[in-house]
Amino acid sequence: MYKFIAPAVVSLFSLTALHTNAATLTSRVSYTTHIPATCALDNTNVIFLQALSPNGTPSNYTFRVQCNTAYKLKLTSQNAAGVNQSKTKLVSISNTPPTIPYETSVTGPTNGADPLTVNGPAVTITPTAPNASMSYTLSSKYPEPLNTAHYTAGYYTDTITIEVEY
């Protein structure tokens, strides 16, 4: 019996020694890049003097925004005549009454977002393509021809700020 057991044990060790386990080793390399969000607004930090015509003809100012991400566009009058209104006023440089009311409107692509209004809420706009230059026009005019005889001589002013947040 002893002779029978020994060859069986030797045979088991022999089979184990001849069998090898297959193994797979993997290494991965991931490549990434980061494109930062960028926006450009024409003539940043520049004040343009636009004269309003007493006869009520609109005075137009065109500006462009170029972004590679969604952005919020907001226009605010220094002398807003009310909240969420496109009505504003010119104020005498000496800050004495009366003020001169005028109206504003903004046209340009909002790509399905709410329309833009001066003194209204910021509107989130998604560009039509990365870095697409999107053009807007700010139009201002007196609601009716201005009767200059009703106003004190002098300079009247208002500033509309165009803000792009991204």
**Q** Shortest non-hydrogen contact from Lys72 to Ala122?
**A**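 Scanning both residues completely, I find the closest heavy atoms to be CB-CB, 4.1 Å.
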**Q** Locate the shortest heavy-atom distance separating Cys67 from Pro127; write the atom from each residue and the value.
**A**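 Nearest pair, atom of Cys67 first, then Pro127: O-CG, 3.6 Å.
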**Q** Side-chain heavy atoms under 4.5 angstrom apart, residues restricted to Ile, Leu, Val, Met, Phe, Trp, Tyr: same cluster for Leu52 and Val91?
**A**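 Looking at the clustering, Val91 is in a separate group from Leu52.
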**Q** What distance do Gln78 atom CD and Thr159 atom OG1 have between them, rounded to the nearest 0.5 Å?
**A**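 Answer rounded to 0.5 Å: 4.5 Å.
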**Q** Could you tell me the separation between the OG1 atom of Thr137 and the CG atom of Asn60, rounded to the nearest 0.5 Å?
**A**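 That separation rounds to 6.0 Å.
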**Q** Are Thr96 and Thr152 close enough, and set up right, to give a side-chain contact (heavy atoms from CB on, under 4.5 Å), and what steps lead you there?
**A** CA-CA 9 Å; Thr96 57; Thr152 304; 5.9 Å; no
**Q** Keeping Asn55 on the side-chain end and Glu144 on the backbone end, is there a donor-acceptor pair under 3.5 Å?
**A**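 No: the side chain of Asn55 does not pair with the backbone of Glu144.
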**Q** Taking atom CG of Leu138 and atom CD1 of Ile162, what is their separation to the nearest 0.5 Å?
**A**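 Answer rounded to 0.5 Å: 6.0 Å.
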**Q** Does the side chain of Arg64 come within less than 4.5 Å of Leu41's, by heavy atoms?
**A**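 A side-chain contact under 4.5 Å is absent here.
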**Q** Just so I know, are the side chains of Val118 and Thr76 near enough to count as touching, which here means a heavy-atom distance under 4.5 Å?
**A**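 Not in contact.
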**Q** Give, for atom OG of Ser53 and atom NZ of Lys141, the distance between the pair rounded to the nearest 0.5 Å.
**A**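 It comes to 11.0 Å.
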**Q** Specify the closest pair of heavy atoms between Ser140 and Thr104, including all atoms of both residues, with the distance to one decimal.
**A**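 Smallest heavy-atom distance, with atoms named: OG-CG2, 3.5 Å.
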**Q** Can a donor-acceptor pair be found, under 3.5 Å and without considering hydrogens, that links the side chain of Tyr136 to the backbone of Pro109?
**A**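 Yes, the answer is positive, given that a donor and an acceptor are paired below the 3.5 Å cut-off.
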**Q** So Leu90 and Tyr151, side-chain contact (heavy atoms from CB on, under 4.5 Å) or not? Walk me through it.
**A** CA-CA 11 Å; Leu90 296 173; Tyr151 297 97; over 6 Å; no
**Q** Test side-chain hydrogen bond (donor to acceptor under 3.5 Å, both in side chains) on Asn79 and Asp158; report intermediate values, then the result.
**A** CA-CA 6 Å; Asn79 302 320; Asp158 186 24; 3.2 Å; yes
**Q** Under 4.0 Å between a side-chain nitrogen and a carboxylate oxygen: does that hold for Glu163 and Lys74?
**A**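 No salt bridge links Glu163 with Lys74.
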**Q** Report yes or no: does Asn68 contribute a side-chain atom to a donor-acceptor pair with the main-chain N or O of Thr38 at less than 3.5 Å?
**A**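 Yes.
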**Q** Where do Tyr102 and Thr88 land on the side-chain contact (heavy atoms from CB on, under 4.5 Å) test, with the steps shown first?
**A** CA-CA 6 Å; Tyr102 74 102; Thr88 188; 3.0 Å; yes
**Q** Distance check, rounded to the nearest 0.5 Å: Glu165 atom CD versus Thr124 atom OG1?
**A**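 Answer for the CD-OG1 pair, Glu165 versus Thr124, is 8.5 Å.
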**Q** To the nearest 0.5 Å, how far apart are OG in Ser139 and CD in Gln50?
**A**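 Result: 10.0 Å between the selected atoms.
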**Q** Got Leu75 and Asn119 here, is their nearest side-chain heavy-atom distance under 4.5 Å?
**A**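 No - every pair of side-chain heavy atoms lies 4.5 Å or more apart.
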**Q** So, for Pro101 and Pro143, which heavy atoms are closest and what is the spacing to 0.1 Å?
**A**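 It is O-CD, 3.7 Å.
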**Q** Between Val65 and Tyr71, is a side-chain contact (heavy atoms from CB on, under 4.5 Å) present by the stated rule, with each step listed?
**A** CA-CA 9 Å; Val65 178; Tyr71 58 93; 3.6 Å; yes
